[in-house]
Number of protein chains: 2
Amino acid sequence: MARWEPNTRERLIRAAVELFAEQGYEATTVNEIAERAGGLTKTTFFRHFTDKREVLFAGQEIHSRIMAEAIAEAPESATTLEMVGLALDGLASSFTEDRREIGRRLRAVIANSAELQERSAFKRAALSESMAQALRTRGVSELVADLAAELGVRAFYGAFDRWTSAADPRTLDAYTREVFGELKTALSVLG
Amino acid sequence: MARWEPNTRERLIRAAVELFAEQGYEATTVNEIAERAGGLTKTTFFRHFTDKREVLFAGQEIHSRIMAEAIAEAPESATTLEMVGLALDGLASSFTEDRREIGRRLRAVIANSAELQERSAFKRAALSESMAQALRTRGVSELVADLAAELGVRAFYGAFDRWTSAADPRTLDAYTREVFGELKTALSVLG
DNA sequence: TACGGTGACGTTACCAAGTCACATCACTTC
DNA sequence: GAAGTGATGTGACTTGGTAACGTCACCGTA
């Protein structure tokens with residue numbers, strides 16, 4: 001017999017999402033989350049997450065890494081926008097179908113809390129920044145890299161929105177290409 | 001004799017900026033701020049600001065309004081990017097020289113606190129959104145409006161950065177035009 | 001088999017952010 | 001001059017977050 005149930009971290013996340021969906025983010029206590037995750041305590045929660053907010057965004061640094069690696073491995077001949085496209089492909093293909101429903105619920109919870117929207121905006125900015133950094137490493141000039149990264153992140157979030165709103169079986173991958181395409185035409189309209 | 005000193009709000013802001021600069025954001029207490037602002041208390045602080053963070057960002061909704069109005073009043077013939085340029089002109093000209101040093105200090109304080117960077121990212125997103133909304137009202141399509149607004153906000157923040165870093169007497173206005181111009185050429189490089 | 005880590009958790013106590021109900025009192029208004 | 005109004009104070013409370021310290025199954029090793 002193990003002394004504790006395994007997968008504490010995952011249980012905490014599940015419990016948090018459940019409670020946030022039931023009662024809203026602000027109305028649920030860290031103690032409640034820990035309790036529902038199997039009789040745990042506040043302290044244990046904060047050993048796994050720095051924040052009450054972070055329980056919904058944990059492990060998102062991996063997105064930065066995926067995008068950055070895709071860009072680093074892009075062929076020499078690739079244009080800036082092509083590199084962004086490859087980054088989107090890499091990121092989107094890491095989202096399996098089962099994460100769709102989770103994403104849906106997550107979005108609803110975040111939409112009801114200013115505090116969570118703040119964290120979300122911050123994570124988004126971080127993603128954009130690390131993508132821009134990867135592009136700069138590939139020789140793209142600062143401002144162009146910033147703009148291209150912004151475009152990529154925008155495409156990803158837009159696609160994620162559509163993916164979690166829709167019911168059809170298209171993969172996230174398809175949506176990122178769709179939105180990225182629309183953004184590129186919007187870009188040409190603008191310029 | 002008045003019962004209380006006037007301009008409580010301004011005194012709170014001054015005290016907060018001073019203390020944050022001296023000791024850092026996290027190390028200073030709301031009680032300290034209120035105390036330095038003239039023997040006030042925590043409760044009074046929270047009557048003026050919803051947050052400890054908000055004391056540094058209060059009154060920023062006015063930026064949204066300035067930009068929105070400039071866009072609403074732009075001539076019928078103006079292109080999307082020209083409307084953004086007018087919004088930038090309007091916003092930049094509302095910053096007098098004395099706000100430069102304040103901005104400098106503010107930037108330093110924010111750069112040292114993740115919590116403040118989060119709030120900053122959120123405010124930036126809000127500014128972008130209200131600018132995009134104003135553009136949509138003028139008939140610009142959704143994605144184009146979003147991109148153009150992002151470009152505008154990026155120009156403003158970039159210009160503000162340079163303005164508060166530099167020592168020369170150029171006005172913020174000059175910097176926004178400079179950065180906006182650079183962004184437009186970056187845009188054409190990208191497309 | 002005995003034994004000394006180690007890792008994951010609990011307990012307790014604490015600080016600071018934020019909220020709320022209620023009190024105070026100069027100033028205004030009728 | 002009495003009754004309101006508005007900006008503040010007081011005190012008590014909840015909750016996020018930190019820190020010091022204790023507990024105990026498990027693991028490796030002699």
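The structure presented is a predicted model; accordingly, all values stated were derived computationally and were not measured. Note on naming: letters A, B, ... go to the chains in the order of the sequence lines (proteins, then strands), and numbering restarts at 1 for each one.
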Checklist entry - So what does A:G38 hit on the nucleic acid, given a heavy-atom distance under 4.0 Å: a base, only sugar-phosphate, or nothing? => result nothing
Checklist entry - In terms of the angle between their ring planes, are A:F160 and A:F95 parallel, tilted or perpendicular, with boundaries placed at 30° and 60°? => result perpendicular
Checklist entry - Salt bridge or not for A:E178 and A:R162, using N-O below 4.0 Å? => result yes
Item to check | Value in whole Å for how far the P atom of C:dT19 lies from CG of B:N31 | outcome: 15 Å
Item to check | hbond_proxy B:K42 side chain to C:dG18 base (donor-acceptor, 3.5 Å cutoff) | outcome: yes
Checklist outcome for this item: Value for CZ (B:R104) from CH2 (B:W163), rounded to nearest 0.5 Å, stands at 9.0 Å
Item to check | Salt-bridge contact B:R154-B:E182 (side-chain N to carboxylate O under 4.0 Å) | outcome: no
Checklist entry - To the nearest Å, how far apart are B:E5 CD and D:dG9 P? => result 12 Å
Next on the checklist: Regarding C:dG10, can its base be found pairing with the side chain of A:R47 as donor and acceptor, where the two atoms are less than 3.5 Å apart?
Outcome noted: yes
Checklist entry - How long is the line joining CG of B:N7 and C1' of D:dT8, in whole Å? => result 16 Å
Next on the checklist: Rounding to an integer number of Å, can you tell me how far A:L40 CG sits from C:dG7 C1'?
Outcome noted: 15 Å
Item to check | Which nucleotide in C:dA17, C:dG7, D:dG6 has an atom nearest any side-chain atom of A:W4 | outcome: C:dG7
Checklist outcome for this item: Which of C:dG10, D:dA7, C:dG18 is nearest the side chain of B:T8? It is D:dA7
Next on the checklist: Looking only at the side chain of A:R53 (C-beta and beyond, no hydrogens), which of the listed nucleotides D:dT8, D:dG16, C:dA17 gets closest?
Outcome noted: D:dG16
Checklist entry - What's the CG-P distance between B:L19 and C:dA17, to the nearest Å? => result 12 Å
Checklist outcome for this item: Atom CD1 of A:I33 and atom C1' of D:dG16 are separated, to the nearest Å, by 11 Å
Next on the checklist: What is the separation between atom NZ on B:K52 and atom P on C:dT19, rounded to the nearest whole Å?
Outcome noted: 14 Å
Item to check | Cation over ring face, B:K52 and B:Y25, 6.0 Å, 45° | outcome: yes
Checklist entry - Side-chain N or O of B:T44 less than 4.0 angstrom from OP1 or OP2 on D:dA7? => result no
Checklist entry - Heavy atoms under 4.0 Å, any strand shown: does B:D51 hit a base, just sugar-phosphate, or nothing? => result sugar-phosphate
Checklist entry - Between D:dA19 atom P and A:F46 atom CZ, what is the distance in whole Å? => result 12 Å
Checklist entry - What's the closest nucleotide to the B:H48 side chain, out of C:dA16, D:dT8, C:dG10? => result D:dT8
Checklist outcome for this item: Side-chain contact check for B:T43: nearest option of C:dC20, C:dC9, D:dT18 is C:dC20
